[in-house]
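Everything on this sheet refers to the single structure shown next.
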Number of protein chains: 2
Amino acid sequence: MKQAVDKAEGKPAAAEDRYPLRSVGRALDVLQALGANSGKGMGVGEIAEAIGVSRSTAFTLLQTMVARGFVSDVRIGGARLYRLGLALVHLGDLAVAEMGITQVATPILQQLTDATQLTSRLAVLDDGYAVAIGRVDAPGPFRMTASLGRRELPHCSSVGKSLLCRLPEPQILAILARLGMPKRTEHTLTSPETLLADLREVARRGYSFDNEEDNLGVVCVGSAVFDRSGAAVAAISVTSMRLERSDTDLHHLGAVVRAFADRISHLLGGPAHSALPPLA
Amino acid sequence: MKQAVDKAEGKPAAAEDRYPLRSVGRALDVLQALGANSGKGMGVGEIAEAIGVSRSTAFTLLQTMVARGFVSDVRIGGARLYRLGLALVHLGDLAVAEMGITQVATPILQQLTDATQLTSRLAVLDDGYAVAIGRVDAPGPFRMTASLGRRELPHCSSVGKSLLCRLPEPQILAILARLGMPKRTEHTLTSPETLLADLREVARRGYSFDNEEDNLGVVCVGSAVFDRSGAAVAAISVTSMRLERSDTDLHHLGAVVRAFADRISHLLGGPAHSALPPLA
DNA sequence: GCTATTGTTCGGCTATACAGAACAATGTTC
DNA sequence: GAACATTGTTCTGTATAGCCGAACAATAGC
């Protein structure tokens, strides 16, 4: 799992991942560990091992967060299972609401899902990553695991491409250099050049594809949303299992998604794709 | 704001609100302060004052949480505005997903909203409070502020009543004694006796009302959801501005909500209201 | 230009958060 | 049913990490 690293190693002061406040960092580690084992719940010892502290330390951390509702615990016999608390639900909801886009976009997403029978998502750029802040699940038994708030690499995601495509090239390259372009599948674009070429296409036609570039068998079609200033503040997409549609149909779907994105832009006072200036 | 309290006071060990880990508690304070000022964003000094620490301490706390995405910051000129980070969105989403009820209930909520044109919500009991974990907003311009994850007092909420009504009386009284029954409006039931009488009615007919008991002009109609064990694991409700319907219509609406609640119970393998034993 | 207000860094004192071991409570095994 | 194993919880000493205050930097206002 996680060896104890060299504990008493003088003080090379390295430890770049050592955050100013150790206990706070560990508390956040606990939350993320609980998130990673979501659904299962974890015991004190398990958590202690996961984040590399003693049981007693983990216990104190948990006690603090349970008292505040950030972690909830269930006693089951002698054991005690910890899971993420509902206080996080409230804060997460507020964090989403702070980005006002969600308010106006959600009804449109619903219509997009109604029209296409596909799961649709709304995402924004956060520190270079694409992060979904809204979602409408497709009807029917097929439930795509479209989790909210997870940072996704932009180079292999439809919303990521739409969010990036109108940024200045140097900025795009800086993001790609910082986050890397790992090969997620055989279709992933892994060189900045090929991605830039793709992004130029995306900017030109106003919609983007993720052609099994992140997960095999999963295809997405996305388009950007603009605010008053003309900046791409968000992007929407629909996700589908491997489409057996023709390329023509895929482009038709792209035009549909773009039309819905334009409606959101319109509500935000932003321009439609057709009103955008050509690329600099 | 917050005097230093008597620091060296022997050890009456009071300070019930002093959590084991001070810095972690303060970190959570920061998050909640940011949540309270949601939408506006806060500066370092403002946060420091809100939670009663020095600016430098607040700064360190924020830096730690920014590094992990729990807080996001926007530089605007020389100033720096902090707001809730998107990492919270992910964890909040996971916390909701952990309660599997959401998965099956959301489509039904959607149908309930479609059928009634009212905002519908799904709530569970958390430490005695009613906490909404799901919501479908009504169409149209009227947007009820139905925030997720906030702890709501059960005695003046429709979902709260439905969640409580089948608990043993001593347990209900214990919850009420612990949380109190503050008078939110002139219609709030403020004595355990009147509430218990109301809860017996709720249990008998299978749906509950909040008749402007929490907010004047706001009416809710709720019903409980049961799992395999027959326990009320959740409740749903619809919310409306002051209905001008007759009592008969209100009861009709109650029957509708109860029918949808029963459909969720059915999906969970639980009994419908009609299959429940009468109150002990 | 100077002042007022913000964010950020630094250093030292102290309280605090840590690990480890002891204790308790449960469940498991033979 | 008793010994064991495994879990959660309490306790205590000590090193250190976290806190404050003050100094510094950078804006914004006048």
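Per chain, numbering begins at 1; letters A, B, ... match sequence-line order.
As rounded to whole Å, 12 Å separates atom P of C:dG7 from atom CD of B:Glu49. D:dC19 atom P lies 12 Å from atom CG of B:Asp29, rounded to whole Å. The separation between A:Tyr82 atom OH and D:dG8 atom C1' is 8 Å, rounded to whole Å. Atom CD in B:Gln63 sits about 16 Å away from atom P in D:dA17, given to the nearest Å. With rounding to whole Å, A:Arg26 atom CZ is found 18 Å from C:dT16 atom P. Note: CG (B:Leu62) to C1' (C:dT6) measures 14 Å, nearest angstrom. Atom CZ in B:Phe59 sits about 12 Å away from atom C1' in C:dC10, given to the nearest Å. A:Leu81 has its CG atom 16 Å from the P atom of C:dT26, to the nearest Å.
Here the straight-line distance linking atom CD1 of B:Ile47 with atom CZ of B:Arg26 works out to 14.0 Å at 0.5 Å rounding. Here the straight-line distance linking atom CZ of B:Arg166 with atom CD of B:Gln171 works out to 14.5 Å at 0.5 Å rounding.
Residue B:Leu21 places its side chain closer to C:dC18 than to any other of D:dG18, C:dT9, C:dC18. Closest contact between the side chain of B:Arg22 and the listed nucleotides C:dG7, D:dT9, C:dT16 involves C:dT16. Of the candidate nucleotides C:dA17, C:dT8, D:dC11, C:dA17 has the atom nearest to the side chain of B:Ser23.
Nearest approach of B:Ser237 to B:Ser158, heavy atoms of both residues: CB-OG, 3.9 Å.
In this model, no side-chain donor or acceptor of A:Thr60 finds a partner on the base of C:dA17 within 3.5 Å. Counting distance only, with no hydrogens placed and no angle test, the side-chain atoms of B:Thr57 and the base atoms of D:dG18 include no donor-acceptor pair under 3.5 Å.
For B:Ser54 and D:dC20, the shortest distance from a side-chain N or O to OP1 or OP2 is below 4.0 Å. The phosphate of C:dT8 has OP1 or OP2 within less than 4.0 Å of a side-chain N or O from B:Arg80.
Under 3.5 Å, the side chains of B:Thr57 and B:Thr60 contain no donor-acceptor pair of N or O atoms. Using modelled atom types, one finds a donor on one side chain and an acceptor on the other under 3.5 Å when comparing B:Ser23 with A:Ser23.
Nearest-nucleotide positions on DNA chain D place B:Val24 closer to the 5' end than the other of B:Val24 and B:Arg55.
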